[in-house]
Every structure is written in C-alpha cells, then in structure tokens.
Amino acid sequence: MQDTPPSVPDFTQWPSFPFEGDLHVKQLDEPVPVEPPRRGEGNRECTACNASDEAYIWVGERWRVRAMDRPTGLPMVLILESRSHLDLGDLPNLLAAELGVMTVRLERAIRSLDGVARVHVNRWGDGSAHLHMWFLARPYGRLQLRGTFLSLWDSILPPISEAQWRENLAMVAAWLAEFGGRPLAEPPRIQWQAPSSLTPAPTGGATEEPEEETASVIEAADEIPEAEAAEEPSPDAPEQPAAPEQAGPPERAGTPQQPEAPRQAGAAQQTGQQPQQAGAPDQAGQQLQRAETPKQATESA
Ligand SMILES: [Zn+2]
C-alpha cells in the first residue's frame with residue numbers, strides 16, 4: 001500500500017495544471033482519530049470576530065469583505081465573511097438568504113473589473129470555523145487558469161501592480177456600497193514624494209492587518225498554518241485567510257437580525273448601473289455597465 005504510491009493522475013497533463021516534470025504522489029498520513037480545532041473553534045481564537053472593520057474593504061451590518069494583505073497573481077482575491085461567528089451550515093435562514101445575495105453581488109462586482117473573465121467562488125472552511133467565502137478572479141484570456149487550479153496559480157503568477165490592485169479594491173468596495181454598507185478601500189493616491197512607493201498609502205483598509213500575513217489564497221488558506229507549520233501540514237484544502245482571523249474570542253456570535261441584502265436587492269438592480277460612491281472612479285460606470293452583459297459561462301472543469 002504505502003510502498004507503491006499511485007501513479008499521477010491524468011490531470012497533471014492538463015494545460016491548466018501548473019507544474020510539469022517528474023511528479024510523485026505524496027504518501028498520506030494516517031487519518032487522525034480526532035481533528036484539531038479550527039480557528040474560532042475550541043480554545044482557538046477567532047481572528048475574524050476580533051478584526052476591526054478597518055481591516056476590510058467594505059463592511060455592512062452583517063457582512064464584511066476583505067482582501068489579501070497585498071497584491072497577488074490574480075486580479076482580485078476577496079473573502080466574504082459574516083459578522084456572526086457561524087459556519088456555513090449553521091446560518092439561520094435570513095443570513096443564508098443574504099449570503100446568496102451577497103455572493104451574487106460580489107461576483108458581479110469582481111467580474112466587472114477590467115481583465116476579469118470569471119469569478120470562482122469557493123468555500124473550504126478547513127482552517128477557520130468562521131464562515132468565509134473566497135472569490136477568485138480569473139484573468140481574461142488566460143485559458144490555462146480555468147478550473148480548479150486557479151487558487152494555485154494565484155501564488156505562481158507575478159503579483160499585479162499595487163496601484164491596479166488598490167484601484168480594483170476601491171471599485172469593488174464602491175460597487176458594494178451602492179447597495180449599502182461602507183466602502184473602506186479607496187483608490188490609490190498619487191504619492192508625489194514617495195521614495196519607496198512600496199509603502200501602501202494609508203487609504204485602503206485592506207492592508208491594515210497587523211497580524212498574520214495573507215499572501216495568497218493557498219497561504220492564507222492554511223496550507224501552511226503558521227502555528228502548526230513546524231509540526232505538519234494541516235488541512236489539504238486551501239483555507240483560512242491568515243490575516244484577519246485570529247485574535248479574540250468570538251463575541252459577535254449573535255443572531256442576525258434583518259437581512260440587509262435581500263431587502264436591498266431590488267434597489268440594487270436599479271442603482272447598480274451608476275455607482276457614484278466615493279472612490280469610484282469614472283471607469284466604475286463603464287465597468288458596471290459592461291457587467292450588465294453577462295459573459296458566457298464556458299466553464300471548463
Ligand atoms: Zn468568529
């Protein structure tokens with residue numbers, strides 16, 4: 001059994017598979033009888049619950065959206081979180097309904113960005129018990145990025161520019177704010193005297209996380225859990241956002257009151273055409289309109 005590892009599957013030959021060369025299948029560890037607690041579970045603190053709104057690019061009454069700490073390979077990687085400390089299957093109906101609305105809204109906002117062909121929506125949940133949905137934008141034309149390896153490519157591709165990244169964040173935040181809530185990401189400001197422009201302008205909230213560093217989907221996803229890194233790789237699936245999660249006891253585990261999303265869904269469709277939120281550049285309008293024409297779904301994989 002363990003002496004004869006299975007041969008590598010066919011997908012390693014797919015154009016979308018990021019690696020080539022002599023590949024081997026890892027040996028799996030023995031399954032553990034009891035899984036360790038995730039963040040926000042057992043005695044582990046929940047960073048999401050303790051993260052201030054400033055760590056997010058947009059916040060609403062019951063939902064918050066945040067980005068990685070810095071640009072990554074994909075045009076946009078965002079995480080949608082509930083304020084309440086709940087996992088997916090535990091959402092009450094109102095929040096569950098809002099999750100649908102927020103998912104659609106966020107997908108559309110990201111899809112409207114320049115150069116974005118598709119938005120992959122994922123929920124892994126192996127790293128944190130606090131619900132968080134991943135939204136990964138696939139660059140237009142990059143057919144090799146289609147499908148399930150997109151999260152890997154995020155760490156492989158060269159990061160997009162800081163300016164573009166911030167502009168994208170501001171665009172999405174402004175879009176969401178059209179339906180309510182508060183946009184916290186602002187477009188990049190020109191730093192006239194910036195010796196080292198690597199220092200992020202104190203505008204966006206996305207990079208304010210003082211804690212861990214969320215470098216990419218995979219890293220953030222707990223592929224390499226900071227704490228347990230020394231021991232052994234934990235969950236396989238991409239997981240946790242490293243940054244915002246991990247800090248304090250979940251106190252907001254309250255129950256959601258009213259669905260903010262569904263209620264505004266109607267208005268959303270009307271106003272969605274012309275975002276005029278602070279920070280929304282002119283292009284926002286064009287992009288929004290462009291989004292009106294849904295691109296074709298030629299999902300592979
Ligand atoms: Zn929490």
Side-chain angles (χ1 to χ4, degrees), residues 1-39 41 68 71-79 87-89 103 107 110 115-129 131-160 212-242 245 295-301:
M1 5 175 187
Q2 299 192 340
D3 296 322
T4 54
S7 58
V8 294
D10 289 342
F11 65 67
T12 58
Q13 301 302 315
W14 293 359
S16 60
F17 188 69
F19 312 104
E20 60 185 0
D22 194 16
L23 296 168
H24 304 279
V25 177
K26 271 185 187 172
Q27 252 181 27
L28 280 180
D29 295 332
E30 289 300 313
V32 298
V34 178
E35 297 201 0
R38 300 172 294 170
R39 283 196 274 265
E41 214 171 39
M68 303 293 97
T72 55
L74 300 181
M76 185 52 58
V77 175
L78 290 175
I79 297 168
D87 207 344
L88 182 59
T103 298
E107 193 273 354
I110 298 172
V116 171
R118 199 92 54 221
V119 182
H120 292 193
V121 181
N122 300 286
R123 179 270 185 174
W124 286 290
D126 282 332
S128 170
L131 172 64
H132 56 289
M133 306 272 294
W134 288 86
F135 291 73
L136 314 180
R138 176 172 70 74
Y140 190 87
R142 293 284 188 187
L143 300 184
Q144 276 180 278
L145 305 194
R146 289 181 299 183
T148 52
F149 303 122
L150 188 67
S151 61
L152 302 179
W153 284 105
D154 181 48
S155 299
I156 296 170
L157 300 172
I160 65 171
E212 316 150 25
E213 296 198 344
T214 308
S216 67
V217 181
I218 289 298
E219 293 177 39
D222 248 3
E223 269 300 300
I224 307 174
E226 358 67 45
E228 295 127 46
E231 314 172 16
E232 55 187 52
S234 71
D236 313 333
E239 192 32 57
Q240 226 36 358
E245 239 119 45
K295 292 165 186 168
Q296 294 173 352
T298 31
E299 207 69 273
S300 71

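Values below: all heavy atoms of this structure, side chains included; hydrogens, waters and symmetry mates excluded. Quantities reported herein were computed from a predicted structural model and do not represent experimental measurements.
- Here the CD atom belonging to Glu35 is positioned 9.0 Å from the CD atom belonging to Glu41, to the nearest 0.5 angstrom.
- Between Leu23 and Phe17, the closest side-chain pair of non-hydrogen atoms falls below 4.5 Å.
- The two residues Pro75 and Gly115 come nearest to each other via the heavy atoms CG-O, 4.4 Å.
- Arg38 places a side-chain N or O within donor-acceptor distance of the main-chain N or O of Gly125, the cut-off being under 3.5 Å.
- Trp134 places no side-chain N or O within donor-acceptor distance of the main-chain N or O of His120, the cut-off being under 3.5 Å.
- For the pair Trp124/Ser151, a side-chain contact is recorded, criterion being any heavy-atom separation below 4.5 Å from C-beta on.
- Side chains of Leu88 and Arg123 form a contact here, defined as non-hydrogen atoms less than 4.5 Å apart.
- Pro139 places a side-chain heavy atom less than 4.5 Å from the side chain of Leu74.
- With contacts defined as side-chain heavy-atom distances shorter than 4.5 Å, the pair Leu78/Met133 does not qualify.
- Across all their heavy atoms, Pro71 and Pro159 have their closest contact at O-CB, 3.6 Å.
- Of the residues listed (Val119, Ile110, Asp154, Asn122), the one engaging Leu136 in a side chain to side chain contact (heavy atoms under 4.5 Å, CB included) is Asn122, and it is the only one.
- Between Leu152 atom CG and Phe19 atom CZ the span is 5.5 Å, to the nearest 0.5 Å.
- Residue Pro18 comes nearest to Trp153 through the heavy atom pair CA-CZ2, 3.3 Å, listed as atom of the first residue, atom of the second, then distance.
- Side-chain contact between Pro15 and Leu143 is absent, with no heavy-atom pair separated by less than 4.5 Å.
- A distance of 12.0 Å separates CG in Leu150 from CZ in Arg142, rounded to the nearest 0.5 Å.
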